[in-house]
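Working notes, beginning with the structure itself.
Being a predicted model, the structure only gives us computed values, none of them experimental. FYI, the numbering just counts along the sequence from 1.
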Amino acid sequence: MEQAARPGGGRPFRPRWLARPTLRQLRLGSGLVLFAYVLTHLIVHALGNVSLDALESGLTVKAALWRTPPALLLLYGALLLHLALGLQAFYERRFYRVRPAETAQLLLGLAVPMLLLSHVVGTRLAWSLEGLDRGYPQVLYATWVAAPGQGMMQAAGLVVAWLHGCFGLYFWLRLKRGFPRAAPWLLAGAVLVPVLALAWPIKKIAAGAAMLGVTAYCAFSGWDVAAERALIMTLVMLGAILVDRPALTMRNLALAAILALAREPEALLGPSFQMSFGAVAGLIACAPLIDGRVFRTESPSRIARAASWTATAVVGTLATTLVAQVATAPFATYHFQTVQPFGLVGNALTLPLVSLAVMPAAVLGMLAYPFALDRPVWWLMGLAVRGMLDISAWIAGFGQANVVLPAFGTGALVLLAVALLLATLPVSRLRLLALLPAGLGIALAASPARYDIYVDRDGAGAAIRGKDGRLVVLGRPPGFVLEQWLKADGDGRRPDAVTATAGPRCDRLGCTLAAIDGRSVALVTDKRAFSEDCVRADILISRLRAPPGCAAPLIADRSFLAARGATAIRLGPAGPEVVTTRGAGEPKPWQPRAVGAVMTPAARSEPEAARDVDPTDPPLPETPQ
């Protein structure tokens, strides 16, 4: 194919990228290669402000970029070519009256080999000739502990090389069209990169930025109570970094708990506070065991390092999930009466989606939103969320994926909480003392004292333990209340299945049922039934007001329920034991008290003498207002 000729004849046209490079262009290209190498070196140094592990990881990436044969050939060729062409350009100058910037660039370029020669010999040549691959721990010890002067010289060499490259970029870009607009940003980058790599505490800067971010999130979310508690814990942990203290320590966790309780003392009895601080305490105590040190390797093989990294990530995820589940199991079982045996599998499958897709996409989406570039980011985030939902549905399809356990009392919970404290607070073999309260707590939780009758606070329905030992429904209690009754009894049936159970005898006036001990229980829905049920029933329940002459031994009518609220009854040989959500005249439904005297016709109008309740009694469910 013939080359196109110029319109007026003469030499044929040749694209610019096919033209023979000039010496100036070769010097510029080799300088850019060296500048890229110095830039990656400084970025790796900046990771040292985060941790030594981050520094080693950065070194691995840098080695993958610059230790391949083509990269080494390019780097060494650029070094020799740039040095030779720089000296050649200085030799061919017709006059030596140069500007200060050019003099500084020349002197800095000549100083780089002298400052970095010992470093090149001790690292690059040692690796090339002897196969000695020094990591950052060895280099840091050799340069800053054994011979601090060498460390200062090498730091000066990096700064000198960086300044030399910045001068070169300035002389190349200063005549470009967009340089005046980009100059402030380029200057900021030229100053920040070496400062961040050699002096600035990146970890503290990141901690400060994170503190501002979580505070802004809490403010935008409306200062919810749970968000405030998480904010206090996060600020304490990040504040420890600012004062050069370890972040994840029991001391910081205790300080966060004190601040949270000072803000909201009643949170101590809630599941959110108990589960969140219990999980963090367990993770802090088990951190040395689940950090994956067993799988770390010093092998130079990339396959071995990749396998080590994968094993560390997988085992760390599984171990973290297992520790968190064990630490929160007592509180979750006490408050919700459910256990998810396959939660470990579900969390292990969904955590990578959350960490690698959902959370990064949320940040990128917020950054791209002002520029109307957020649509693909939200699409990617939606795919990850859909994957999480599919995994959850798959796990829920397993047999016994959600096991319902009977509610145990506060005594078992206290023993299990003491066991958790003994297992996490000591740092010696004193942790073995946790086995004693843990065993006692599990024994109490495995044999709870269940209630035999549950009464809704409005008297619309009740659940009575029948002859077969299972709860049978009378009336129409709210679905949520019935669901809580079943969970407290360790019954995994659905509320509609319990409602359809045969057993009670019902008509238009009410229902009657024989309880597990043979006592007759009547639910009155029409006042015409009082004349018969007040005589025959041992326990009478109604949302109506019973007549003054009702002779039933125990009556829970409108007056009783209005004063006492939701009621639970435990049937025993000594008689029924009645427990209500509040005592007479107490407007605080979260302070349950027992009713010592049975509600008889003569005593129904007078307040009963309260008696102590078994400390293992579970909290009673309430109907939502």
### Query
Would you say L425 and M250 make side-chain contact, with heavy atoms under 4.5 Å?
yes
### Message
Quick check: Y451 with W485 (ring centres under 6.0 Å apart)?
### Response
no
### R251, CZ atom: more than 12 neighbouring heavy atoms under 6.0 Å
no
Can you give each donor-acceptor pair under 3.5 Å made by side-chain atoms of residues 371-386, sequence neighbours left out, with the distance rounded to 0.1 Å?
residue: D374; atom: OD2; partner: W378; partner atom: NE1; Å: 2.6

#### Entry: L420 and P330, any side-chain heavy atoms less than 4.5 Å apart
no
### Message
According to ring-ring contact (aromatic ring centres under 6.0 Å, His included), does anything in residues 270-290 pair up with another residue at least two apart or in another chain? List the pairs.
### Response
F273-F277
### Query
Just wondering, do L259 and V236 contact through their side chains at under 4.5 Å, heavy atoms?
yes
### Any L415 side-chain heavy atom under 4.5 Å of I442 side chain
no
### Any donor-acceptor N/O pair, Q274 side chain to L268 backbone, under 3.5 Å
yes
### Task
Output the distance between atom CG (L416) and atom CG (L421), rounded to the nearest 0.5 Å.
11.0 Å
### Task
Could you check if a side-chain atom of Y334 sits within less than 4.5 angstrom of a side-chain atom of T410, using non-hydrogen atoms only?
yes
### Query
Any side-chain heavy-atom pair from R494 and L486 closer than 4.5 angstrom?
no
